[in-house]
Amino acid sequence: MSEILTNETLLSVRDLKVHFPVKGGVLQRTVDVVKAVDGVSFDVPRGKTVGLVGESGSGKTTTGRAIARLVPITAGSVQYGGRDLATLSRGEFFGYRKKIQVIFQDPFGSLNPRMTIYSIIAEPLDIHFKAWSKAQKQARVADLLEKVGLSADWMQRYPHQFSGGQRQRIGIARALAVEPEFIVCDEPVSALDVSVQAQIVNLLQDLQEELGLTYLFIAHDLAVVEHISDEVLVMTEGKIVEQASADEIYNNPQHPYTIKLLEAVPQL
């Protein structure tokens with residue numbers, strides 16, 4: 001498979017490795033290495049959703065965070081728009097922060113409890129659109145809140161005044177603030193009730209269709225991944241062990257680990 005991006009491919013990951021040293025002893029020398037991600041390769045087509053599924057500790061979240069440069073990349077390449085993100089300095093990567101955003105797993109832990117909803121959503125605007133007036137930012141925040149199904153009148157409230165599903169909608173609005181192309185959805189529904197999970201997944205699908213977004217959707221639940229994804233990657237012990245369309249993964253799994261994950265899906 002060529003490493004050169006086509007018009008259809010937004011993100012191309014090749015042999016991605018993220019290793020964490022284990023320190024020990026009085027001198028805190030490296031005594032071992034945890035290979036959280038160990039040679040992962042895949043493509044994400046523009047406007048599509050690629051699901052990345054695996055149990056806790058499989059390396060899926062680290063993969064997403066590496067793409068967003070939230071953890072250091074040990075080796076490999078992450079091609080985005082013809083540039084290898086893995087080789088960029090912190091300053092060079094700054095321009096890609098607008099294009100690549102993250103929706104985090106814990107909607108309460110990812111929102112500063114001392115900030116109003118307006119301040120939380122406007123914070124990336126303060127960083128990336130410094131020339132905007134306060135009125136422009138307020139209008140943008142109001143539009144974003146309504147886009148994710150919340151009232152613009154609530155922007156002066158605080159996170160604790162909202163339910164878990166509403167807080168995740170706020171997290172989605174913050175991720176959308178700077179008009180990204182690609183969003184890493186890091187288990188965005190795993191902390192929510194089942195009924196609320198469906199609402200958030202449907203919202204993400206509606207936003208994708210409306211805004212032309214591209215998702216890497218990370219989860220441990222194959223049922224959720226199958227519902228939203230065009231293609232599914234199954235990951236364990238830092239490696240991708242199976243890759244196929246959502247229908248093929250769900251109806252005709254090939255790897256024993258994939259079969260194990262399917263067996264864990266509740267049957268309604």
Side-chain angles (χ1 to χ4, degrees), residues 1-21 33-103 175 180-187 208 212-220 222 225 228-246 248-249 253-255 257-258 261:
M1 188 181 296
S2 172
E3 292 188 10
I4 299 175
L5 285 173
T6 66
N7 291 333
E8 291 75 33
T9 302
L10 181 63
L11 181 83
S12 185
V13 177
R14 289 294 175 272
D15 199 26
L16 179 66
K17 296 180 182 179
V18 181
H19 297 173
F20 297 109
V33 174
V34 175
K35 298 180 179 180
V37 181
D38 197 27
V40 164
S41 299
F42 60 91
D43 292 333
V44 182
R46 184 181 295 275
K48 300 294 185 180
T49 299
V50 171
L52 183 58
V53 64
E55 293 175 307
S56 178
S58 62
K60 60 188 187 301
T61 288
T62 304
T63 299
R65 288 176 177 251
I67 292 169
R69 290 289 298 270
L70 298 179
V71 296
I73 295 172
T74 304
S77 67
V78 180
Q79 293 281 337
Y80 188 98
R83 295 290 302 274
D84 185 359
L85 303 184
T87 65
L88 300 182
S89 67
R90 186 177 183 135
E92 291 172 328
F93 185 72
F94 179 77
Y96 287 89
R97 290 279 178 212
K98 284 195 296 184
K99 298 180 180 182
I100 302 173
Q101 287 289 304
V102 181
I103 299 169
E181 298 176 320
F182 179 77
I183 298 181
V184 177
C185 304
D186 183 13
E187 300 216 42
Q208 182 176 47
L213 298 169
T214 304
Y215 295 145
L216 177 66
F217 191 93
I218 299 169
H220 63 267
L222 254 178
V225 169
I228 194 174
S229 302
D230 300 290
E231 187 171 13
V232 176
L233 313 172
V234 180
M235 192 170 184
T236 183
E237 296 181 349
K239 297 180 182 295
I240 293 174
V241 295
E242 188 164 356
Q243 178 175 351
S245 70
E248 289 174 4
I249 287 285
Q254 299 297 309
H255 195 276
Y257 181 73
T258 308
L261 288 177

Distance from [X] atom [atom1] to [Y] atom [atom2], nearest 0.5 Å?
| X | Y | atom1 | atom2 | result |
| --- | --- | --- | --- | --- |
| Leu52 | Phe217 | CG | CZ | 11.0 Å |
| Asp84 | Ile73 | CG | CD1 | 7.5 Å |
| Phe182 | Arg46 | CZ | CZ | 11.5 Å |
| Leu88 | Phe94 | CG | CZ | 13.5 Å |
| Glu231 | Gln243 | CD | CD | 4.5 Å |
| Cys185 | Leu216 | SG | CG | 8.0 Å |

Walk me through it: do Leu11 and Ile67 pass the test side chain to side chain contact (heavy atoms under 4.5 Å, CB included)?
CA-CA 9 Å; Leu11 181 83; Ile67 292 169; 3.8 Å; yes
What residues, two or more places apart in sequence or in another chain, satisfy ring-ring contact (aromatic ring centres under 6.0 Å, His included) together with Phe93?
none
Any residue meeting side chain to side chain contact (heavy atoms under 4.5 Å, CB included) with [X], in chain and number order, not counting sequence neighbours:
| X | answer |
| --- | --- |
| Pro45 | Lys48, Val50 |
| Glu237 | none |
| Val232 | Val53, Leu222, Val225, Ser229, Val234, Ala246, Ile249 |

Can you list the residues that meet the side chain to side chain donor-acceptor pair (under 3.5 Å) rule with [X], with sequence neighbours excluded?
| X | value |
| --- | --- |
| Gln101 | none |
| Lys239 | Asp38 |
| Thr49 | Gln208 |
| Glu92 | Ser89 |

Please find the pair of heavy atoms, one from [X] and one from [Y], that lie closest to each other, and give the distance.
| X | Y | value |
| --- | --- | --- |
| Asp15 | Gly39 | OD1-CA, 3.2 Å |
| Met235 | Ser58 | O-CB, 3.4 Å |
| Ala36 | Phe20 | CB-CE1, 3.7 Å |
| Gly238 | Val40 | O-CG2, 3.5 Å |
| Pro253 | Thr258 | CB-CG2, 3.7 Å |
| Gly76 | Ala86 | O-CB, 3.7 Å |

Pairing residues for Glu242 by the salt bridge (charged side-chain N to carboxylate O under 4.0 Å, His left out) criterion, not counting sequence neighbours
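So Glu242 forms no salt bridge (charged side-chain N to carboxylate O under 4.0 Å, His left out) with any residue.
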Could you tell me which residues satisfy salt bridge (charged side-chain N to carboxylate O under 4.0 Å, His left out) with Glu248, sequence neighbours excluded, listed by chain and number?
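Expected list: none.
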What residue pairs, at least two apart or across chains, pass salt bridge (Lys or Arg N to Asp or Glu O under 4.0 Å) with a residue in residues 53-63?
Glu55-Lys260, Lys60-Glu187
Heavy atoms, side chains only, cut-off 4.5 Å: are Leu10 and Val44 in contact?
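A side-chain contact is absent here, since even the closest heavy-atom pair is not under 4.5 Å.
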Residue pairs passing the side-chain hydrogen bond (donor to acceptor under 3.5 Å, both in side chains) test where at least one lies in residues 61-72, sequence neighbours excluded
Thr61-Asp186
Is it true that the side chains of Asp43 and Ser12 contain a donor and an acceptor less than 3.5 Å apart?
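A donor-acceptor contact under 3.5 Å links the two side chains.
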